[in-house]
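Here is the structure we will look at.
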Amino acid sequence: MSWIVVEHLAGGGAVLHELAPGDAAAGGAPDLSRGPTASVQVASDDLAAVVAAREADRPRWVLDEVALRYPPLLAAGVRLDRCHDLRLCHAILRTSASCSDSALATAVPGPWDARHAPEPDAAAESDRQPTLFDDLAPPESSDAAASLGSASSWNFWHGSGARASTVVASSPSGGEGEGGVVPDPLAEPRTPAEGGPADLLAELGAQLEAVAGSEQPGRLRLLLAAESTGALVAAEMAHDGMPWDAAEHDRLLTELLGPRPAPGARPARLEELAAQIRRALDAPALNPDSQPDLLHALRRAGLDVTSTRRSEIAAQQHPAVEPVLAYKKLSRLLSANGWAWLDTWVRDGRFRPDYVVGGVVTGRWATSGGGALQLPAQIRSAVRAEPGWTLVVADASQLEPRVLAAMSADGAMADAARGADLYQALADAGTVSSRKEAKYGMLGAIYGATTGVSAALMPRLTAAYPRAIGLVEAAARAGERGEVVSTWLGRSSPRPGPSWWAAREAASGEGADARDVAEARRRARDWGRFTRNFVVQGTAAEWALCWMAALRRRLRDLPGRPHLVFFLHDEVMVHSPVGVAEQVVEAVRDAAAEAGRLLFGDAPVEFALDVAVVDSYDRAT
DNA sequence: AGAGGTCGCGCC
DNA sequence: AGGGCGCGACCTCT
């Protein structure tokens with residue numbers, strides 16, 4: 001397989017550096033020892049066409065940051081099959097315990113540790129004048145990229161001739177800022193970037209070296225490939241958008257809230273409920289949107305509540321309860337997914353959230369707008385397939401306990417994880433007395449329940465599934481000691497912050513009193529719950545990434561261009577021509593089986609799916 | 001006026 | 001309950 005490094009130039013345009021294929025022992029990694037076999041400069045206007053032509057060979061494209069570089073290609077109609085996202089992969093390798101001795105992991109923080117990939121910059125020119133922005137960078141950062149590359153890759157590149165540098169030295173022909181976003185130097189202070197191909201090639205070299213020297217190269221390679229494919233999918237989903245029926249959404253809002261009010265005004269239904277609340281609480285001037293005011297009025301009316309939390313109010317007997325709960329529900333709908341949301345996030349019948357790949361420490365995705373990961377069930381009927389199309393919605397049922405069974409190689413739990421309903425199987429095995437207990441118990445084991453029904457079930461679960469429970473317990477103990485834990489493929493947890501260590505220090509110091517000790521213990525347990533969950537949630541996220549990547553590849557070969565339009569932790573949605581839906585269902589199932597094999601080999605765990613073919617999202621269960 | 005913190009609730 | 005999030009609204013502080 002060939003690898004092509006895309007070096008974007010500051011003024012527009014790019015240089016494509018082709019790398020020699022490595023031997024099979026390197027897991028498909030390219031041979032970096034003699035530099036690129038060819039470097040070709042491409043004007044920005046030609047980039048999409050050139051990339052599209054090269055894509056026929058299905059190379060692995062090496063990009064500094066997919067989220068920046070891929071959308072323009074998509075807009076030009078170009079799709080990439082596979083890639084390596086240097087920024088995302090750097091973040092993983094930087095903290096992975098699997099390669100903690102690597103040059104990449106031990107270097108001082110550099111440009112690749114910033115929130116965005118370092119940009120090639122006119123500032124890198126040798127004759128440039130110093131600017132005030134230089135002062136904003138840490139003094140050591142100018143050496144950071146070089147030290148990250150270390151002697152290994154950096155010197156190889158430049159020892160074998162300055163071919164790449166020569167290309168870069170010629171002026172780009174694409175024209176300044178044409179069709180591209182010109183970085184605003186005032187928007188964000190940047191470290192002085194070295195610019196040129198050395199950054200990309202040296203960084204790639206450092207990454208491949210870290211992987212090759214790691215404890216589990218195969219797993220890390222899979223993780224980096226899955227993460228990078230995730231970046232492609234995220235951009236593609238933002239490009240294609242989720243089919244959204246704005247008229248249906250508006251109809252729904254009008255039905256529940258009344259007609260759309262003037263900006264700032266309460267919809268009619270909320271106004272009615274507010275009046276009811278005021279009467280029931282005998283508080284004529286009450287604004288139910290104010291939590292303190294509402295709490296005060298509730299208590300004055302005799303309700304035994306300490307907050308305005310839904311669950312607390314619901315437990316009370318009072319005429320105000322019903323309207324207050326109704327008000328909260330509807331005002332939430334209005335503020336989170338009302339007309340303002342519709343105006344902001346839905347265009348031309350598509351909802352396009354900004355997915356943030358790797359945005360969560362565990363490896364889950366986040367979103368930076370639109371709240372796509374929390375689409376309430378209430379409005380899912382607005383997610384509607386185009387005429388002639390349908391939605392294939394699939395979610396992995398009980399993913400986290402299944403992942404735990406597989407990663408711990410717990411035979412008894414794997415037995416339970418072989419069928420469609422893991423919780424029922426636990427109950428049938430006699431470990432616990434009901435399916436409900438099984439569910440609470442397992443979730444408690446994964447989340448770290450310390451009290452209540454769930455905690456009480458732990459001894460029985462531990463006896464029946466010693467390896468599975470042992471794995472999460474070990475992760476919890478490690479976290480309590482402040483140690484790092486890792487997912488199956490090698491994403492590692494962050495370390496606790498300074499205040500955590502300070503609390504621990506204070507508790508063991510001379511003047512420590514009981515409060516210091518209790519505080520340190522509490523913080524230790526909190527962090528242990530985090531690391532306990534990290535290993536399972538993070539590995540589940542890896543399974544899901546592999547599932548989606550495998551699905552994406554299968555979709556590519558189906559007719560009519562069925563495409564992913566949504567991904568939510570353990571759930572995917574494919575917008576598919578009606579006639580292809582059955583093939584998509586098959587692809588979704590095959591991809592799940594493939595993801596299981598990719599991560600866990602032939603571990604006897606089934607990753608069961610619930611799959612629905614529906615016209616609108618609310619009809620999928 | 002704007003920043004930052006907290007609450008409450010939506011999703012997994 | 002217990003883990004991970006994003007977000008809007010309100011409130012407080014500066």
Side-chain angles (χ1 to χ4, degrees), chain A residues 264 266 270 287-296 305-314 324-325 327-338 340-341 344-345 353-380 383 395-401 403-404 437 439-458 461 472-473 475-476 479 485 487 491 493-494 522 525-541 543-544 566-572 610 617:
Chain A
R266 263 198 197 99
L270 279 181
N287 170 14
D289 290 323
S290 166
Q291 287 164 17
D293 292 359
L294 180 58
L295 177 60
H296 185 73
V305 291
T306 60
S307 75
T308 62
R309 204 170 307 136
R310 207 205 94 85
S311 57
E312 232 184 312
I313 295 172
V324 167
L325 296 186
Y327 186 93
K328 286 169 80 74
K329 182 95 182 153
L330 290 175
S331 82
R332 163 85 192 179
L333 171 66
L334 175 68
S335 64
N337 297 101
W341 180 92
T344 308
W345 290 103
D354 301 326
Y355 293 99
V356 184
V357 176
V360 178
V361 282
T362 58
R364 279 185 172 180
W365 290 12
T367 54
S368 71
L373 304 187
Q374 19 185 135
L375 281 183
Q378 247 175 337
I379 60 163
R380 293 189 176 186
V383 183
D395 75 281
S397 48
Q398 307 147 351
L399 177 58
E400 294 191 350
V403 160
L404 176 56
E437 275 196 358
K439 181 173 180 176
Y440 276 49
M442 277 319 306
L443 292 178
I446 292 168
Y447 289 153
T450 53
T451 60
V453 183
S454 171
L457 292 167
M458 289 300 292
L461 289 175
V472 289
E473 287 295 328
V485 298
T487 60
R491 194 189 303 260
S493 65
R522 185 188 65 77
R525 279 196 306 264
D526 285 351
W527 198 260
R529 276 196 302 278
F530 165 60
T531 52
R532 170 199 296 270
N533 184 250
F534 181 95
V535 294
V536 180
Q537 185 186 118
T539 303
W543 181 90
F566 193 53
F567 171 57
L568 179 55
H569 308 321
D570 63 356
E571 177 176 355
V572 298
D610 286 325
Y617 192 14

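Atom set for the values below is all heavy atoms of this structure, side chains included, hydrogens, waters and symmetry mates excluded. In the text below, chain A, chain B and the rest are named by the order of the sequence lines, each starting its count at 1.
- Among the heavy atoms of the strands lying under 4.0 Å from Arg310(A) are primed sugar atoms or P, OP1, OP2 only; no base atom is included.
- Of the candidates dC12(B), dC10(C), dG3(C), the closest approach to any side-chain atom of Pro292(A) belongs to dC10(C).
- Distance from the side chain of Pro376(A) is smallest for dG10(B) among the nucleotides dG10(B), dG4(C), dA1(C).
- Atoms CG (Leu330(A)) and P (dG8(B)) sit 19 Å apart, rounded to a whole Å.
- Among the atoms of the strands shown, only primed sugar atoms or phosphate atoms (P, OP1, OP2) are found under 4.0 Å from some heavy atom of Ala377(A).
- Residue contacts for Leu375(A): at a heavy-atom cut-off of 4.0 Å it reaches the sugar-phosphate backbone alone, with no base atom in range.
- With distances taken from any side-chain atom of Leu568(A) to the nucleotides dC5(C), dC7(B), dC12(B), the minimum falls on dC12(B).
- As a whole-Å value, the separation of Asn287(A) CG from dA9(C) C1' is 10 Å.
- If you check dG4(C), dG8(C), dC10(C) against the side chain of Asp289(A), the one that comes closest is dC10(C).
- Counting any heavy atom pair closer than 4.0 Å across all strands shown, Ala336(A) reaches no nucleic acid atom.
- Of the candidates dG3(C), dG8(B), dG10(B), the closest approach to any side-chain atom of Lys329(A) belongs to dG10(B).
- Atoms CG (Asp526(A)) and P (dG2(C)) sit 10 Å apart, rounded to a whole Å.
- Side chain Arg332(A) to base dC9(B): a donor-acceptor pair is found below 3.5 Å.
- Taking atom CG of Asn337(A) as the reference point, atom P of dG8(C) lies 10 Å away to the nearest angstrom.
- Here Arg525(A) lies out of heavy-atom contact (under 4.0 Å) with every strand.
- Listed nucleotides: dC12(B), dC5(C), dA1(C). Nearest to the side chain of Tyr440(A): dA1(C).
- Phe530(A) is listed as a side-chain neighbour of Val361(A), based on a closest heavy-atom distance under 4.5 Å.
- In this structure, CG of Leu373(A) is placed 12 Å from P of dC11(B), rounded to the nearest angstrom.
- Below 30°, between 30° and 60°, or above 60°: for Tyr355(A) and Trp365(A) the angle between ring planes is above 60°, a perpendicular geometry.
- In this structure, Trp341(A) atom CH2 and dG8(C) atom P are separated by 12 Å, rounded to whole Å.
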- Message: Assess the residue pair Glu312(A) and Ser307(A) against the criterion (side chain to side chain donor-acceptor pair (under 3.5 Å)); give the C-alpha distance rounded to whole Å, side-chain angles, the decisive distance to 0.1 Å, and a yes or no.
- Response: CA-CA 7 Å; Glu312(A) 232 184 312; Ser307(A) 75; 2.7 Å; yes

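- For Thr531(A) against Ala475(A), the heavy-atom pair with the smallest separation is OG1-O, 2.8 Å.
- As judged by a 4.0 angstrom heavy-atom cut-off over every strand, Arg529(A) is placed among residues touching the sugar-phosphate backbone only.
- Backbone-only engagement by Ser290(A) is indicated by non-hydrogen atom pairs under 4.0 Å involving sugar-phosphate atoms exclusively.
- Among the atoms of the strands shown, none is found under 4.0 Å from any heavy atom of Val536(A).
- The distance from atom CZ of Arg364(A) to atom C1' of dG3(C) is 8 Å, rounded to the nearest whole Å.
- Of the candidates Thr539(A), Val536(A), Asp570(A), Glu400(A) forms a side-chain contact (heavy atoms from CB on, under 4.5 Å) with just one, namely Val536(A).
- Atom C1' of nucleotide dC7(C) and atom CD1 of Ile379(A) are separated by 13 Å, given to the nearest angstrom.
- Side-chain contact check for Val356(A) versus Thr367(A): every heavy-atom pair is 4.5 Å or farther apart.
- The two atoms that bring Phe567(A) and Val572(A) nearest to each other are CD1-CG1, 3.9 Å, heavy atoms only.
- Within 4.0 Å (heavy atoms only), Ser307(A) reaches sugar-phosphate atoms of the nucleic acid but no base atom.
- In this model, no side-chain donor or acceptor of Arg309(A) finds a partner on the base of dC9(B) within 3.5 Å.
- Using a 4.0 Å heavy-atom criterion, one finds that Gly370(A) contacts the sugar-phosphate atoms exclusively.
- Of the candidate nucleotides dC12(B), dG8(B), dC10(C), dG8(B) has the atom nearest to the side chain of Lys328(A).
- Backbone-only contact: Thr367(A) has heavy atoms under 4.0 Å from sugar-phosphate atoms and none from a base.
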